[in-house]
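Down below is the structure, laid out as structure tokens.
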Amino acid sequence: MLIKNIVLNKNANIKPLRALGYHSRSDLAFHRELQAAAQRYLQQHNDHRFADLRFYVKSGILILLCLGSYAISLCGNLFSLNNISLNFYIFYPIFICFALLLAINIVHDASHNAIFKQVIANRWINFWITIPLGLDPDCWRVRHIIFHHAHTNIRYYDLDIEENFLLRQTPYQRWYPFMRWQHIYWPFIAAMTFPALIWGYDWLDRFKFTRVAAKMRHQGSKGIGLFLLSKLLHLIFTIIIPTLLLADTGIGVSTILGVYLASQMFASLIFVVLILGTHWAKATFYLAPEQGNMPHGFYTHTFSTTYDWYTRPQWINYWLGGLNLHLTHHLFPHWNHRHYSALAKIIKLTAEKFGMDYHCITATELFRYQQRFLKSMGANQYAKSST
């Protein structure tokens, strides 16, 4: 998810990666036991894997809070100090933060078709819910599901760990002396991820500068049309309307652009800390074999690269949309996040039975592991790795 390095050559031949799978027999017994336990859980509760009324209520609350904070930010001098309107500076960043929570709670699940049973309904809601934040839902879906989920922490396959010459994220990337301080400056790089994705890499992906383009759902003029429409709606909603409505308050377009950028950077930092640290923490990275599949199974791979973690107070977990139970999400990506707490308990019991290494750590431990990892990579030390 951090800013990635891409060769900007439209005419370059972007060679697709070969298909890469896992040793299917390695985790077969664990797979059967885990899936059977998950199905028993559904049967016992007469339930399904999709969203329920509680999810819809939470989503409705987040939508109202997002639109409400947006509306207050445009109310001129509702709150002022020394004739300076404050409500825009206070409530516009809040609006962007709620847009992030909408993406975490709705877009993430919808991308995995885990809200509605009808695939088209998940695609429809994804298009509209991503407009306040500005990320293109199809570009993000390809990066997240096709590249990251299927190939977590595998060099060249997982786009979230692409070399960027600013942070050394794996033992296989080049080291520069300034990276000794990456554990200090990395929040700024993380904060620039959303602006870079929204106004940079989404465009590169859509216009075929990257491997992402070939995997997108809509190609040709239809894909470009939907992409440009979503970006235009985002621009109208976040920049043009505030510029028009706040013209009489002394808040000009340059100020609006500055607050927009700062708000996006803050939201980006929060998101990257929540999601990427779960893969940094274990510091296990892989090279794909020259031929054939990975020598281990998918479950072994996921346990070696991903953590579950929790916050205190634990009610915060509910509003994180399941991001904290990230190992659980990787094992059950097509289940709505309302099930993750129950599924995490099932995973823990099944892992103990099969000797799998399952841990659910605290948020404090997660951040401590992140810092330890960044210091290790920045000192040009090889963290735990595998080929």
Side-chain angles (χ1 to χ4, degrees), residues 1-20 99-100 103-104 106-108 110-113 119 122-167 169 173 189-235 237-238 261 264-265 267-268 271-272 275-276 279 333:
M1 187 60 62
L2 291 169
I3 302 173
K4 302 181 288 295
N5 174 56
I6 296 178
V7 178
L8 304 182
N9 183 355
K10 183 66 170 66
N11 298 318
N13 180 24
I14 302 173
K15 184 179 179 180
L17 296 171
R18 69 176 181 84
L20 179 65
L100 172 65
I104 290 173
I106 299 178
V107 175
H108 194 198
S111 297
H112 289 279
N113 295 319
V119 173
N122 290 293
R123 295 176 185 173
W124 182 86
I125 197 171
N126 247 5
F127 178 85
W128 293 105
I129 293 298
T130 53
I131 285 173
L133 194 60
L135 292 172
D136 181 78
D138 202 18
C139 295
W140 187 84
R141 177 191 64 85
V142 174
R143 294 191 199 101
H144 179 67
I145 298 176
I146 297 178
F147 286 97
H148 171 67
H149 262 264
H151 311 104
T152 307
N153 284 12
I154 300 178
R155 190 184 189 190
Y156 299 129
Y157 285 81
D158 184 355
L159 297 185
D160 286 358
I161 59 168
E162 285 271 283
E163 188 167 12
N164 58 51
F165 305 106
L166 297 173
L167 287 178
Q169 299 185 73
Q173 293 177 351
I189 308 301
M192 286 304 299
T193 297
F194 275 5
L197 286 172
I198 294 166
W199 297 111
Y201 294 106
D202 277 355
W203 295 79
L204 297 175
D205 290 344
R206 170 50 65 185
F207 290 97
K208 300 183 179 181
F209 285 96
T210 73
R211 296 192 303 270
V212 172
K215 304 291 185 180
M216 287 184 180
R217 181 174 292 115
H218 298 297
Q219 300 290 329
S221 58
K222 181 177 182 180
I224 293 174
L226 288 172
F227 174 82
L228 293 177
L229 175 62
S230 68
K231 294 297 183 184
L232 177 61
L233 290 174
H234 173 69
L235 186 63
F237 193 62
T238 59
L261 177 60
Q264 288 283 6
M265 291 176 65
S268 177
F271 181 75
V272 172
I275 196 169
L276 194 61
H279 301 300

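Remember, it's a predicted structure, so these values are computed and weren't measured experimentally.
Residues Pro333 and Ile145 form no side-chain contact, since every pair of their non-hydrogen atoms from C-beta on lies 4.5 Å or further apart. Residues Glu162 and Gln169 fail the side-chain proximity criterion, which asks for heavy atoms closer than 4.5 Å. Taking the side chain as every heavy atom from C-beta outward, Leu228 and Trp203 approach each other to under 4.5 Å. Between His108 and His144 the shortest side-chain heavy-atom distance falls below 4.5 Å. Using a 4.5 Å heavy-atom threshold, the side chains of Val107 and Ile125 count as separate.
Ring geometry, Phe194 versus Phe271: the interplanar angle falls from 30° to 60°, so the pair is classed tilted. The aromatic rings of Phe227 and Phe207 sit perpendicular, their planes meeting at an angle over 60°, well past the 30° parallel limit.
In this structure, Thr210 OG1 and Phe147 CZ are separated by 7.5 Å, a value rounded to the nearest 0.5 Å. We find the CD1-CG distance between Ile189 and Asn164 to be 7.0 Å, quoted to the nearest 0.5 Å. With rounding to the nearest 0.5 angstrom, the SG atom of Cys139 is 9.5 Å from the CG atom of Leu204. The CD1 atom of Ile131 sits 12.0 Å away from atom CG of Leu235, with the distance rounded to the nearest 0.5 Å. Here the CD-OH distance, from Glu163 to Tyr156, works out to 8.0 Å after rounding to the nearest 0.5 Å.
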Apply the test side-chain contact (heavy atoms from CB on, under 4.5 Å) to residues Trp124 and Ile129: give CA-CA distance (whole Å), side-chain angles for both, the deciding distance (0.1 Å), then the verdict.
CA-CA 9 Å; Trp124 182 86; Ile129 293 298; over 6 Å; no
Is there a side-chain contact (heavy atoms from CB on, under 4.5 Å) between Asp160 and His279? Walk through the geometry before answering.
CA-CA 10 Å; Asp160 286 358; His279 301 300; 5.6 Å; no
Show your working on side-chain contact (heavy atoms from CB on, under 4.5 Å) between Leu197 and Leu135 and close with a plain yes or no.
CA-CA 7 Å; Leu197 286 172; Leu135 292 172; 3.8 Å; yes
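Between the side chain of Gln264 and the main chain of Thr193, no donor-acceptor pair closer than 3.5 Å is present. Thr152 contributes a side-chain N or O that, together with a main-chain N or O of His148, makes up a donor-acceptor pair within less than 3.5 Å. No side-chain donor-acceptor contact under 3.5 Å links His234 to the backbone of Ser230. In this structure, the side chain of Ser268 engages the main chain of Ala190 through a donor-acceptor pair within 3.5 Å. Checked by atom type and distance alone, the side chain of Trp140 never pairs as donor or acceptor with a backbone atom of Ser111 at under 3.5 Å. Looking at Gln173, its side chain does come within 3.5 Å of a backbone N or O of Ile161 through a donor-acceptor pair.
Considering all non-hydrogen atoms of both residues, Pro195 and Leu261 come closest at CG-CD1, 3.9 Å. Heavy-atom minimum distance, Ala99 versus Leu133: CB-N, 4.1 Å. Nearest approach of Ala110 to Asn126, heavy atoms of both residues: CB-OD1, 3.3 Å.
With salt bridges taken as basic N to acidic carboxylate O contacts below 4.0 Å, one links Asp202 and Lys231. In summary, Asp138 and Arg206 engage in a salt bridge, as defined by a charged side-chain N under 4.0 Å from a carboxylate O. Using a cutoff of 4.0 Å between basic side-chain nitrogens and carboxylate oxygens, Arg143 and Asp205 are scored as salt-bridged.
Annotation for Phe127: atom CZ counts as buried by contact number, over 12 foreign heavy atoms lying within 6.0 Å.
For the side chain to side chain donor-acceptor pair (under 3.5 Å) condition, no pair includes a residue of residues 214-224, sequence neighbours left out.
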